[in-house]
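Shown next, in structure tokens, is the structure this report addresses.
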Protein chains: 2
Amino acid sequence: MDPSVTHAIEDYLKTIYKSQRNGPASTSEVARAMGVSAASATAMIKRLAVMGLVDHTSYQGVRLTPGGEKIALQVVRHHRLLETYLRQVLGYPLDRLHDEACELEHHISEMFEDKISALLGDPTHDPHGHPIPTRSGRIVDVAAFPLAEAVEGQDVEIHRIADEDLELLRYFEEQRLLPHERVRVYSKAPMRGPIELRRGRKRTLIGYDVAEKVFVVSVNA
Amino acid sequence: MDPSVTHAIEDYLKTIYKSQRNGPASTSEVARAMGVSAASATAMIKRLAVMGLVDHTSYQGVRLTPGGEKIALQVVRHHRLLETYLRQVLGYPLDRLHDEACELEHHISEMFEDKISALLGDPTHDPHGHPIPTRSGRIVDVAAFPLAEAVEGQDVEIHRIADEDLELLRYFEEQRLLPHERVRVYSKAPMRGPIELRRGRKRTLIGYDVAEKVFVVSVNA
DNA sequence: GTTTAAATTTAGACTCGTCTAAATTAAAAA
DNA sequence: TTTTTAATTTAGACGAGTCTAAATTTAAAC
Ligand SMILES: [Mn+2]
Ligand SMILES: [Mn+2]
Ligand SMILES: [Mn+2]
Ligand SMILES: [Mn+2]
């Protein structure tokens with residue numbers, strides 16, 4: 001990767017990538033996600049624009065150019081490959097993955113990237129169920145819906161879990177509410193009440209708010 | 001590690017550690033090893049002195065304090081553990097170990113350090129045969145002598161190889177002149193001439209200059 | 001003991017990434 | 001349509017780490 005692309009630039013591009021889902025990312029959104037002042041975000045956005053990595057019109061938010069997106073996707077690939085590696089090879093707990101990966105993602109070589117990808121069998125999803133971009137920057141994902149919206153009696157496979165809240169990640173790990181796990185929605189209490197899950201004869205009772213943070217796909221039996 | 005200890009500071013401390021073998025390290029030595037100007041080295045040395053990590057008297061060189069040495073040894077531990085890991089787990093070629101480790105050494109957590117050390121069985125030496133400091137900073141090594149000084153008929157085990165020259169590292173790898181390998185010094189030509197090695201019935205002819213870069217210990221049969 | 005050469009330090013400048021405080025613009029409310 | 005509020009940008013500063021060029025000190029040569 002171009003050496004003039006610093007650690008900070010990579011993190012900004014990744015942040016903009018994630019906050020430009022619908023329309024351009026706002027300066028304040030970027031600033032909050034990066035944990036810096038709005039003035040700092042403005043300064044960096046202006047530099048990124050000069051470098052041709054983003055398009056920016058004053059007061060109107062920021063959007064990645066193809067060049068900027070390419071770098072962002074490479075960083076996301078590093079991040080998610082590293083999370084997968086830390087978990088599967090080194091046995092990291094779920095709540096320690098993000099911080100370590102967010103640091104290392106800027107410092108591994110292409111060789112490192114390729115070696116761990118190969119060792120893991122070129123995985124397509126990270127431990128939270130997020131899709132891992134290919135080396136060429138393609139990213140594909142499955143449509144999933146919140147477990148909270150499943151109906152009684154439905155069999156589902158967990159596809160993705162929210163990764164923002166460390167407390168919640170520890171809970172997911174304890175309860176084995178993890179990607180690839182299959183559960184049956186045994187009962188749902190009304191008014192956003194608790195949801196009872198069954199795995200074989202083991203039952204788990206989870207809150208509605210938690211169930212909104214678990215994304216699932218329907219499966220048969 | 002103290003967050004005020006930056007990447008650059010760690011590399012300077014490591015560099016000073018390695019160049020203060022006999023007496024204090026000179027500014028120019030440090031500058032050359034770091035690949036910076038003498039002025040830059042002076043500036044950093046002054047900062048390190050203020051931080052209490054080195055002792056420095058103007059024009060008289062620099063020496064690590066106990067605090068500085070502690071950090072240097074942690075960085076060396078990271079470096080050598082990483083080299084061992086990259087080689088044994090990811091199958092890196094010898095000549096790619098240093099650069100990757102020198103970058104990653106500043107960015108791994110204590111958990112990462114502990115996990116890879118455990119996975120490797122708490123190794124005591126890296127792939128070049130350099131001793132790996134313990135977490136508490138103890139470092140022990142065996143006395144070894146240059147293969148060039150071995151006598152005809154002597155059986156030796158390679159303990160350490162020079163790691164500065166990438167060309168030479170590739171040669172060591174091709175010829176399997178690596179730590180733990182055993183060879184017999186079959187013949188030595190006079191006047192720093194070629195040295196013939198035997199392993200079983202396989203023979204290898206190496207130059208005297210190369211043999212000065214391979215450090216060995218004597219073994220029986 | 002002077003002179004010279006080499007090593008080292010100082011002076012001054014630059015980039016990167018950040019900050020706070022103040023000014024400006026856009027959007028929402030009145 | 002005017003006013004108020006919130007978002008954004010500008011202005012000015014700072015620390016980290018680097019540079020080149022010039023000044024200084026030490027050590028070696030004479
Ligand atoms: Mn990051
Ligand atoms: Mn993830
Ligand atoms: Mn390093
Ligand atoms: Mn080594």
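Order of the sequence lines fixes the chain letters, A, B, ..., with proteins taken first and strands second; residue numbering starts at 1 for each chain. Values in this document were obtained by computation on a predicted structure and should not be read as measured data.
For the pair L48(B) CG and dG15(D) C1', the computed distance is 15 Å after rounding to whole Å. One interatomic measurement links the two molecules: NZ of K46(A) to C1' of dG17(C), which rounds to 16 Å at whole-angstrom precision.
In this pair, H107(B) and H107(A) present their aromatic rings parallel. The plane angle is below 30°, not in the 30 to 60° band. Between H98(A) and H79(A), the angle of the ring planes lies from 30° to 60°, which puts this pair in the tilted group.
Counting heavy-atom neighbours within 6.0 Å of R176(B) CZ, excluding the residue itself, gives a total of 12 or less. The neighbour count for K188(B) NZ, taken as heavy atoms of other residues, nucleotides or ligands under 6.0 Å away, is above 12.
When heavy atoms are screened at a 4.0 angstrom cut-off, S28(B) is found touching the sugar-phosphate backbone but no base atom.
Residues R160(B) and H125(B) form no side-chain contact, since every pair of their non-hydrogen atoms from C-beta on lies 4.5 Å or further apart.
Inter-axis angle, ends of the helix from dG1(C)-dC30(D) to dA30(C)-dT1(D), five pairs per end, rounded to 10 degrees: 10°.
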I161(B) and L94(B): side chain to side chain contact (heavy atoms under 4.5 Å, CB included), yes or no, with the steps?
-> CA-CA 11 Å; I161(B) 56 181; L94(B) 264 193; 4.0 Å; yes
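At the phosphate of dA7(D), neither OP1 nor OP2 sits under 4.0 Å from any side-chain N or O atom of S26(A).
For H56(A), the side-chain atoms get nearest to dT9(D) when compared with the rest of dT10(D), dT9(D), dT9(C).
With no hydrogens or angles considered, no side-chain donor-acceptor pair links T65(A) and D55(A) at under 3.5 Å. Side-chain contact annotation: Q74(A) with H78(A), donor-acceptor N/O pair under 3.5 Å absent.
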Where protein sits on nucleotides 16-26 of chain D, one letter per nucleotide: B base, S sugar-phosphate only, - none, heavy atoms under 4.0 Å = SSBBBB--BSS
